[in-house]
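Let me begin by presenting the structure, written as structure tokens, before commenting on it.
Both ligands and their constituent atoms are indexed starting at 1 by order of listing.
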Amino acid sequence: LSFKQTNTIPIQLNPDALPKHVAIIMDGNGRWAKKRLLDRIKGHEKGADSVRQIVEACGKIGVPILTLFAFSTENWQRPKKEVTALMVLLKKFLVSERPNLMDKGVRLNAIGDLDRLPKEVRDELDKTIRLTSANDTVTVNLALSYGARAEIVRMARQICEEVKSGRLQSNEITDETVSNYLYTAGIPDPDLLIRTSGEMRISNFMLWQIAYAEIFITDTLWPDFNENEFYEILKRFQMRERRFGRV
Ligand code: FPP
């Protein structure tokens, strides 16, 4: 599979060895804006263009699942002005992208504590999820009001209830049981985790699911991240040997 791109040599990717699930910690919108003496929200707006580009790239090359960390449980503590602006941006994106998602065969899904989202955002989210539910080119999981520890606590509580009610025995609990009570139930774990803007942190993202993910950290700020760099990372992913703890 090769891509002809402006400014770049065609990138060779093996279509049979692409990750089935890519997860991305989209970081650096604020710094992108600051460098240009712009308001932070301008960075988030530019970041939304990168989201569109990477979703389309997944469709083009055949990466079936993409999970994007769009808003963390900790992000609720940002200044009210920024939280509101992010919610407005998200709502606009959910409405304006619908035709594009349908056109590209993208199914939207969301993970996280969605009940905390403002009602008008939640409504547009539900509407987009319903509308796109039969699409099957790419599934995009938007992590919204998401925190991995909260997800794990929720899983523990639900499993405890199952045990208490006698529907499950504690010695029957396996890795698979745990996976089935996370927001990502039924979704294979990410093979590849990308973080932009150079930070060497996981920031409470998919702690259980990334157990065997290959991790790539790029210094590029999320608004500058584009499909060419994504393909470069996929190429490097294909050169790594994944051993899952075996020799
Ligand atoms: C991290 O940058 C980014 C976020 C907290 C929000 C992510 C949102 C988008 C990419 C845009 C909207 C998303 C969709 C799905 C339309 P930061 O603000 O933490 O940057 P900094 O670390 O440089 O301050």
Side-chain angles (χ1 to χ4, degrees), residues 22-59 65-101 104 106-114 116-118 120-129 131-132 138-148 150 183 193-206 217-227 229-230:
V22 176
I24 307 184
I25 301 175
M26 310 183 287
D27 194 16
N29 295 350
R31 274 161 285 172
W32 183 92
K34 196 173 175 197
K35 276 201 332 200
R36 290 162 179 79
L37 305 176
L38 296 169
D39 192 79
R40 294 176 58 83
I41 192 64
K42 293 287 172 209
H44 298 313
E45 283 171 14
K46 188 72 172 32
D49 293 340
S50 304
V51 169
R52 196 176 298 110
Q53 201 175 129
I54 300 310
V55 170
E56 288 183 14
C58 286
I65 309 170
L66 175 68
T67 298
L68 298 170
F69 201 4
F71 195 87
S72 71
T73 45
E74 292 75 25
N75 286 157
W76 290 116
Q77 287 151 36
R78 290 196 177 187
K80 189 163 177 280
K81 178 171 167 259
E82 185 176 348
V83 172
T84 305
L86 269 168
M87 290 300 141
V88 169
L89 176 63
L90 183 62
K91 189 180 144 197
K92 274 200 221 155
F93 186 88
L94 289 166
V95 176
S96 68
E97 282 305 301
R98 264 177 216 144
N100 196 22
L101 297 175
K104 302 277 173 357
V106 179
R107 181 165 82 94
L108 189 79
N109 181 37
I111 60 171
D113 185 3
L114 307 180
R116 283 184 77 180
L117 295 171
E120 66 272 22
V121 174
R122 180 66 194 268
D123 288 347
E124 298 301 348
L125 181 66
D126 289 343
K127 201 169 156 192
T128 309
I129 290 172
L131 178 76
T132 62
V138 189
T139 297
V140 174
N141 302 306
L142 274 190
L144 291 169
S145 190
Y146 174 87
Y183 290 124
L193 172 69
I194 300 171
R195 180 170 189 145
T196 57
S197 93
E199 237 63 79
M200 299 288 185
R201 288 193 288 271
I202 297 298
S203 302
N204 200 17
F205 187 52
M206 299 189 107
I217 295 175
T218 168
D219 285 335
T220 306
L221 304 175
W222 178 252
D224 290 326
F225 193 76
N226 60 25
E227 64 175 328
E229 186 168 0
F230 183 55

> CG/L144 to CZ/F69 distance, rounded to the nearest 0.5 angstrom?
Replying inline: 10.0 Å
> Which protein non-hydrogen atom lies closest to atom 10 (C) of ligand 1, naming both residue and atom, and how far is it?
Replying inline: N29 ND2, 3.5 Å
>> List ligand 1 atoms under 4.0 Å from L142, heavy atoms only on the residue side.
In response: 15 (C)
> Which atoms from ligand 1 have a heavy atom of F93 less than 4.0 Å away?
Replying inline: 16 (C)
> Out of R52, H44, E74, whose heavy atom sits nearest atom 4 (C) of ligand 1?
Replying inline: H44
>> Using a 4.0 Å cut-off to any heavy atom of A70, which atoms of ligand 1 qualify?
In response: 6 (C), 7 (C), 8 (C)
>> Quick check on contacts: which atoms of ligand 1 are under 4.0 angstrom from a heavy atom of W222?
In response: 10 (C)
>> Considering non-hydrogen atoms of the protein only, which is the closest contact for atom 13 (C) of ligand 1, and what is the distance?
In response: V51 CG2, 4.4 Å
> Short list, please: which atoms of ligand 1 are under 4.0 Å from a heavy atom of N75?
Replying inline: 5 (C)
> Who are the side chain to side chain contact (heavy atoms under 4.5 Å, CB included) partners of E82, not counting sequence neighbours?
Replying inline: R40, H44, R78, P79, L86
> Which is it for R116 and S145 under the side chain to side chain donor-acceptor pair (under 3.5 Å) test, yes or no, and what are the steps along the way?
Replying inline: CA-CA 7 Å; R116 283 184 77 180; S145 190; 4.6 Å; no
>> Under the criterion side chain to side chain donor-acceptor pair (under 3.5 Å), I'd like the reasoning laid out for E229 against N226: C-alpha separation, chi angles, the key distance, then a yes or no.
In response: CA-CA 6 Å; E229 186 168 0; N226 60 25; over 6 Å; no
>> For atom 12 (C) of ligand 1, what's the nearest protein heavy-atom neighbour? Residue, atom name and distance, please.
In response: L89 CD2, 3.9 Å
> Can you name the side chain to side chain contact (heavy atoms under 4.5 Å, CB included) partners of I217, sequence neighbours left out?
Replying inline: R195, M200, I215
> Do K91 and E120 meet the salt-bridge criterion of a basic N to acidic O distance under 4.0 Å?
Replying inline: no
> Rounded to the nearest 0.5 Å, how far does OG of S197 lie from CG of D224?
Replying inline: 11.0 Å
> For atom 17 (P) of ligand 1, which of K35, M26, K92, R78 has the closest heavy atom?
Replying inline: R78
> When only distance counts, is G30 in polar contact with ligand 1, meaning an N/O pair under 3.5 Å?
Replying inline: yes
> If you count the atoms of ligand 1 from 1 in the order shown, which ones are under 4.0 Å from a heavy atom of R31?
Replying inline: 21 (P), 22 (O), 23 (O)
>> Taking distance alone, with N or O pairs closer than 3.5 Å, would you say R40 contacts ligand 1?
In response: yes
> When rounded to the nearest 0.5 angstrom, what is the spacing between CG in L221 and CG in D219?
Replying inline: 8.5 Å
> Does G28 reach ligand 1, in the sense of a heavy atom lying below 4.0 Å from it?
Replying inline: yes
>> Rounded to the nearest 0.5 Å, what separates atom OG1 in T84 from atom NZ in K81?
In response: 10.0 Å
